[in-house]
Amino acid sequence: MSNVLLTLAQAGSGSDSDPARLLSQIIDSVEAGIALYDEHGELVITNQRYRALYPVLGPILCHGTPHHEIVAYGLEHGQFDREHGERGWIERAMQPSASHAPAHERVLADGRRVRVITTSTPLGGWVETHHTAPSANIDQSFHGDVIEAAQLATWDLDVASDVMRVNQRWADMLGCELADLPDPYLSAHWRERVCAEDLVEVDECFYRDIGQGADLIETEYRLRRFDGTWIWVRDRSRILVRDAGGNPLYMAGVIIDISQSKAREEALAATTAELETALAERRAAEGRLAEVAAEAGAWFWTQDADLRLVSTSIGGEHGAARAELALERTFTEWLAENDSIRSSADWRIVLDAQARREPFRDFTYCRIDGATGHETWTRISGAPTYDRDGQFSGYSGVGIDITELHLARRRAEEASSAKSDFLATMSHEIRTPLNGVLGMAEVLERLLVDDAKRGMAATIRQSGLILLDILNNILDLSKIEAGKIELEHLSFDITEVAGDTIGLYSPAAAEKGLTLDLMTASDLQARRTGDPTRIRQILNNIVSNAVKFTDEGEVLVRISGRADRPLVIEVRDTGIGMTEEQLARVGQAFSQADTSIARRYGGTGLGTPIVRKLVELMGGEVRITSAPGVGTTVRATLPLEPGSDTLAERAADDEDTVPNLDGIRVLAVDDNETNLLVLELILNGCGAAVTTARDGAEALTAYGSGHFDVVLLDIAMPVMDGIEALARMRAQDAARGKPRRPILAVTANAMPHQVADYLAQGFDACIAKPISAADLCHALDMLVGPGAGPGSMLLEA
Amino acid sequence: MMPGLPAGEVEVDEDRIVWSADMTSCKVLLAEDDEVSRDLVRLLLAGLGRFDITCVGDGRAALLAASTKAFDLLILDHNLPEIPGDRLLRQLRLSRNSNTTTPVIFYSASIAAPRQVQGGRAAEWHMPKPIDFTAFAQAVRSLVPEQTEAFEDMS
C-alpha cells in the first residue's frame with residue numbers, strides 16, 4: 001500500500017497525470033486528514049480533510065515544504081501551541097532528522113484534539129493520518145461501555161456531513177432496534193421526532209448558547225417514539241470541535257428519558273394547583289363567613305391543646321373593640337391581666353367546662369374601657385376540638401358583640417321596671433286615699449245611729465272595697481304577666497287555707513240561701529309545699545265566682561290528692577253555667593262570658609285569668625266544664641310536693657341552738673385582723689364558708705369575682721370605707737342584673753342615729769361591735785339561713 | 001280633735017306627735033307617713049283600749065324612737081321614707097334593743113291576707129292595706145291582750 005502510494009505520489013508530483021489525480025481523489029475520500037512526507041522530510045501531498053483540520057497552514061502546504069517548517073509556521077501563526085498537548089512532538093518535529101512517534105495526540109491552540117498516527121514508508125518517508133478525537137484520550141470502547149452501563153442514549157454529530165452516530169440505548173429509547181434507524185442517520189431524522197413546539201425552543205436555546213460561546217448546552221424536549229407515544233428527554237450536548245469562526249464542527253451528547261420525573265413534576269404541579277384552588281376556595285369561604293359574622297358583630301377563635309388562644313378572625317370595625325383579646329394566652333392568664341373582665345362574670349363556668357373538655361354556650365362578659373367607661377358586652381360559645389386520632393386538640397368557638405343587644409335589653413328592663421314602678425306607685429297612690437275612704441266610712445258607719453245614713457256609709461265602704469278588689473286584680477295580673485311574681489315554697493296545710501276561704505264566703509252564700517261545703521278526701525296529703533298566699537287567692541277567686549253566679553243550690557269545694565299525687569282542688573256549683581262559646585272566652589283578661597253578666601253580677605272578669613295564670617305558674621292546669629242552667633265545675637290540679645312540719649320544727653328552735661349556716665358563703669371585711677379572726681371562727685362554727693378582705697377596695701374586688709350569699713362590712717376602714725364599698729357593690733350588682741344580696745354593717749359606731757344612717761344608706765342590717773356569736777348567727781340566720789326563703793317577709797323585694 | 005278619743009294631752013314635737021297618757025296605758029309606736037292612715041289607726045285604737053301613741057312619719061325617726069324607748073306594740077308601715085318598714089323591723093329583731101321582743105303589726109300593700117307570723121321572739125301580724133277594721137282589732141287584741149281586756153272590762 002505504501003509503495004503504491006509513494007509511486008503514485010512520485011508520479012503525481014511531476015506531471016498532471018492521471019495517476020496523480022487518482023491519488024488525490026483517493027486520499028480526499030479518506031475521512032482522516034492525511035499528509036505524506038518523503039525521505040527528506042519534505043511534504044509530498046495532503047488531502048482535503050487535512051487542510052480543513054489545519055486551515056492556518058494552508059499557504060505553506062505545498063510540495064517540498066519541510067516538515068519542521070510546517071510545524072514552525074504553525075507555531076508562529078497560532079495553529080499549534082507549545083502549552084498544549086504532548087509537547088514532545090513539537091520538539092521532535094523541529095529536529096530536521098527526527099524520528100517520529102508512531103502515534104500521539106496533540107491539542108491544537110483552538111482546543112481541538114487531534115490524534116496523529118505516523119506510519120513509515122519503505123523509502124524512508126512517512127504518512128501521517130490525523131483524526132479529530134471526540135473526547136480525551138479515553139479508550140473509545142471503554143468509553144462506550146461506561147455509556148452503556150449508565151444506560152444513556154448517546155449521540156455525536158459531524159456537522160459537515162450531518163451524520164449522527166447513536167447507540168443501542170438511543171434505539172431502546174425510541175422503541176426500536178438500531179437496524180430500524182435510517183442509515184446514515186442524519187440530524188434531520190432526529191429533528192423530525194422532536195415535538196415541533198419544543199424544537200423551536202431547542203433551536204433558540206442552542207443558537208443563543210452557541211453565540212455566547214458555551215460548550216455545554218442543555219435542553220429538554222418531547223421525542224416521539226416509534227409507537228407514536230411521546231417521551232420527555234433531557235439532552236446535554238457538548239460542542240467538541242469548532243471551526244475558526246467558532247461554528248460547531250463536531251458535537252456529542254447524552255439524552256436522558258425524564259418522562260417519569262416529568263410526569264411526577266406535572267402531577268405535582270397539578271396537585272399543587274388543585275391544592276391552591278382548594279385553599280383559595282377555603283380562604284374565600286372563611287372570608288365570606290368572617291364577613292357575615294363581622295356583619296353580625298361575631299368572630300371565631302381557636303385555642304390549642306394547652307388552651308392558648310391561637311387565632312381569632314377579629315378584624316374590621318370590631319377589631320378595635322376586641323383589642324383586649326390576647327393571642328398566646330389562656331383565659332386564666334388573660335383574666336389575671338384584666339380585672340374588669342374577670343369580675344364582670346362568673347368565669348368559673350367557662351374554666352370548669354374547659355377543664356372537663358365540655359362545650360359551653362352563651363357565656364356573657366363585659367369589658368369596661370378604663371378611659372371612657374364605655375362598656376363592651378360579649379357573648380362567647382365554644383366546643384372542644386379533636387384531631388384525626390381523636391386526641392384533644394383545643395377549643396374553637398364563636399364570639400359575638402352583644403353590646404347593642406345588652407343595652408337594648410337593659411333599656412327594655414328599665415322600661416319594664418319603670419312600668420312596674422309606675423304600677424306599684426299607682427297602687428300606693430290609689431290605695432292611700434282609698435284607705436281614707438274605707439276607714440272613714442267604717443268609722444262613720446259606727447258613729448251613725450240612723451239606719452238610712454248607716455246604709456249610705458256602708459255603700460261607700462262596699463263600693464270602695466270593690467274598687468280595691470279591682471285594683472288588686474289588675475295589679476296581680478300585670479305582675480304575673482311581667483313575671484314579677486315569685487312563688488314562695490313554704491310548708492302549709494291546704495285544709496286550713498280552704499277552711500279560711502269557706503269561712504270568708506259563707507256569709508255571702510248564706511245570704512243567697514246556698515249551701516257552701518268543703519269535702520276533703522280521706523287519703524288527702526293536706527300538708528304541701530308551695531305558696532299558701534297564692535293558693536288562697538286561687539281558691540278565693542274560684543269560690544267567689546261560684547257563689548256569685550249561683551242563685552240556688554250549692555257550691556261544693558272538694559280537695560283531694562294522695563302524697564304521691566298532685567293536689568286537686570275542685571269547685572262545683574249549680575249556677576247559671578256557660579255555653580261553649582262563653583267558656584272559650586272565659587280565660588281571657590277583661591272578658592267575662594257575656595257583657596250582660598258584668599252588669600248583672602259585677603266584677604272585672606279578671607278572676608279566672610288570674611287563677612289560670614297562677615296555676616300555670618305553679619306548673620299545674622285548670623279545667624272548666626260547664627253547661628248553661630246546670631252549673632260549672634272548675635278543677636285545678638297543682639303538682640305540689642308534700643310539705644314538712646316546719647312550723648313545729650321552727651317552734652322547737654331554741655335560742656341556745658346554733659343556727660345552721662351550712663354552705664352559706666360569707667364575705668367578711670374588716671381592717672383589724674383580730675376582728676376578722678373572730679368573725680371567721682364564729683361563722684365557721686356555724687358551717688359558713690368565709691372569705692376575708694382588709695379594706696373596701698379589696699372587698700370590692702373579692703365581691704366582683706366571687707359569689708357570696710351575704711357580706712359583713714366594717715364601716716371605718718382605710719382605702720375605701722364601708723359606706724362607699726356598699727354603694728359600689730350595689731351598683732355592680734345592678735349593672736350586672738344580679739339579685740340584691742344582703743350586706744350588713746358590722747361596726748363599733750352603733751349609736752342609734754348612726755345605725756339609722758347605715759340602714760338609710762342601704763345596709764340591710766347593722767350589728768354592733770363587740771360581736772356576740774349568738775347575735776351574729778341569729779342575724780345571718782334571719783337573712784340567709786334556711787328559714788329565710790325567697791319570699792320571706794324579711795327579705796326586701 | 002276627733003270624737004271618741006281617750007283623754008290625754010297632745011304634744012307636738014317637730015315631726016313627732018306624742019299622745020301622752022297615764023302610766024297604765026299601752027305604749028304604741030306608730031310609723032306611718034300617711035296622715036289619714038295615722039288618724040285612722042288612732043281612731044281604731046281609741047276604740048280598743050288606753051294607748052299612748054308615739055307617731056313618726058319615717059323609718060329613721062321610728063328606729064330612733066324604738067332604740068330609746070320600750071314600746072308594748074309597734075305598728076309599722078312597709079312603705080316608709082328613709083328606711084323601709086321591713087328593714088326597720090329586721091334591724092329591731094336582730095339587734096339588742098329595747099324592742100327586740102315587742103309585738104308588731106306590719107302593714108304592706110303586697111300582702112294578700114292577714115296572717116300571724118313568728119317574728120323572732122315576738123308575735124307579728126302582717127296585714128294588707130287598706131286597713132281592715134275587724135282584722136286590725138283582732139290583731140291588737142291578740143298581741144296586747146292585757147291592755148285590751150282591761151279596756152273591755154272597763155267599757
Side-chain angles (χ1 to χ4, degrees), chain A residues 424 427-428 431-440 442-443 446-447 464-465 468 472 475-476 479 500 504 532-534 536-537 540 647 650-651 653 655 742 744 750-753 755-760 762-768 772 775-776 778-783 793-797, chain B residues 2-4 33-37 39-41 43-44 46-47 58-68 78-79 81-97 106-115 117-121 124 126 128-134 136:
Chain A
S427 154
H428 182 248
R431 273 163 205 265
T432 306
L434 204 54
N435 197 21
V437 171
L438 289 169
M440 287 305 172
E442 183 155 350
V443 174
R446 288 182 180 198
L447 292 176
L465 282 173
L468 184 67
N472 285 340
L475 280 170
D476 272 342
K479 267 196 220 162
D500 287 352
L504 192 61
T533 309
R534 295 299 169 187
R536 191 189 307 273
Q537 194 177 2
N540 285 354
L647 280 182
R650 286 190 71 75
D653 252 0
E655 66 180 78
L744 278 74
M751 297 287 289
H753 73 273
V755 173
D757 282 345
Y758 305 145
L759 297 192
F763 278 102
D764 292 283
C766 175
I767 296 170
S772 112
D775 286 357
L776 177 62
H778 176 57
L780 290 185
D781 191 36
M782 278 179 77
L783 278 159
M793 274 311 298
L794 290 169
L795 265 189
E796 289 170 34
Chain B
M2 297 264 181
D33 65 323
D34 177 54
E35 230 173 293
V36 179
S37 297
D39 286 346
L40 264 175
V41 171
L43 283 169
L44 290 173
D58 64 62
R60 177 189 294 271
L63 182 62
L64 293 180
S67 304
T68 48
H78 172 269
N79 200 317
E82 299 267 346
I83 300 170
D86 50 357
R87 198 180 295 175
L88 169 67
L89 176 54
R90 181 171 49 218
Q91 178 64 27
L92 293 176
R93 289 290 184 240
L94 60 73
S95 65
R96 289 186 188 276
N97 61 75
F106 184 82
Y107 274 106
S108 165
S110 64
I111 292 166
R115 60 175 172 182
V117 296
Q118 193 65 27
R121 291 157 220 167
E124 287 172 15
H126 293 178
K129 253 198 164 178
I131 299 165
D132 179 276
F133 278 36
T134 322
F136 180 79

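If you're wondering where the values come from, they're calculated on a predicted model, not measured in any experiment.
- When all heavy atoms of B:Arg60 and A:Ala756 are compared, the pair lying nearest together is CG-CB, 3.8 Å.
- For B:Asp132, there are no salt bridge (charged side-chain N to carboxylate O under 4.0 Å, His left out) partners two or more places apart in sequence or in a different chain.
- Only the side chain of B:Leu63 comes within contact range of chain A, with at least one heavy atom under 4.5 Å from a heavy atom of that chain.
- Remark: the backbone N or O of A:Ala765 is not paired with any side-chain donor or acceptor of B:Arg90 at under 3.5 angstrom.
- Taking CD from B:Gln91 and CG from A:Leu759, the interatomic distance works out to 5.0 Å, rounded to the nearest 0.5 Å.
- Counting all heavy atoms, side chain and backbone alike, B:Arg93 lies closest to A:His778 at O-NE2, 3.7 Å.
- Contact of A:Ala768 with chain B is not made at all, since no heavy-atom distance falls under 4.5 Å.
- Note on A:Asp757, A:Thr533, A:Ile767: by heavy-atom pairs under 4.5 Å with chain B, the leading option is A:Asp757.
- The minimum heavy-atom distance between B:Ser95 and A:Cys766, with the atom names listed, is CB-O, 4.3 Å.
- Within the model, atoms CE of A:Met751 and OG of B:Ser67 stand 10.0 Å from one another, a figure rounded to the nearest 0.5 Å.
- The parts of A:Val755 that come within reach of chain B are both its backbone and its side chain, each placing non-hydrogen atoms under 4.5 angstrom from that chain.
- In this structure, the salt bridge (charged side-chain N to carboxylate O under 4.0 Å, His left out) partners of A:Arg534, at least two apart in sequence or on a different chain, are A:Asp476.
- Top candidate by heavy-atom pairs under 4.5 Å with chain A, chosen from B:Leu94, B:Asp34, B:Thr68, is B:Leu94.
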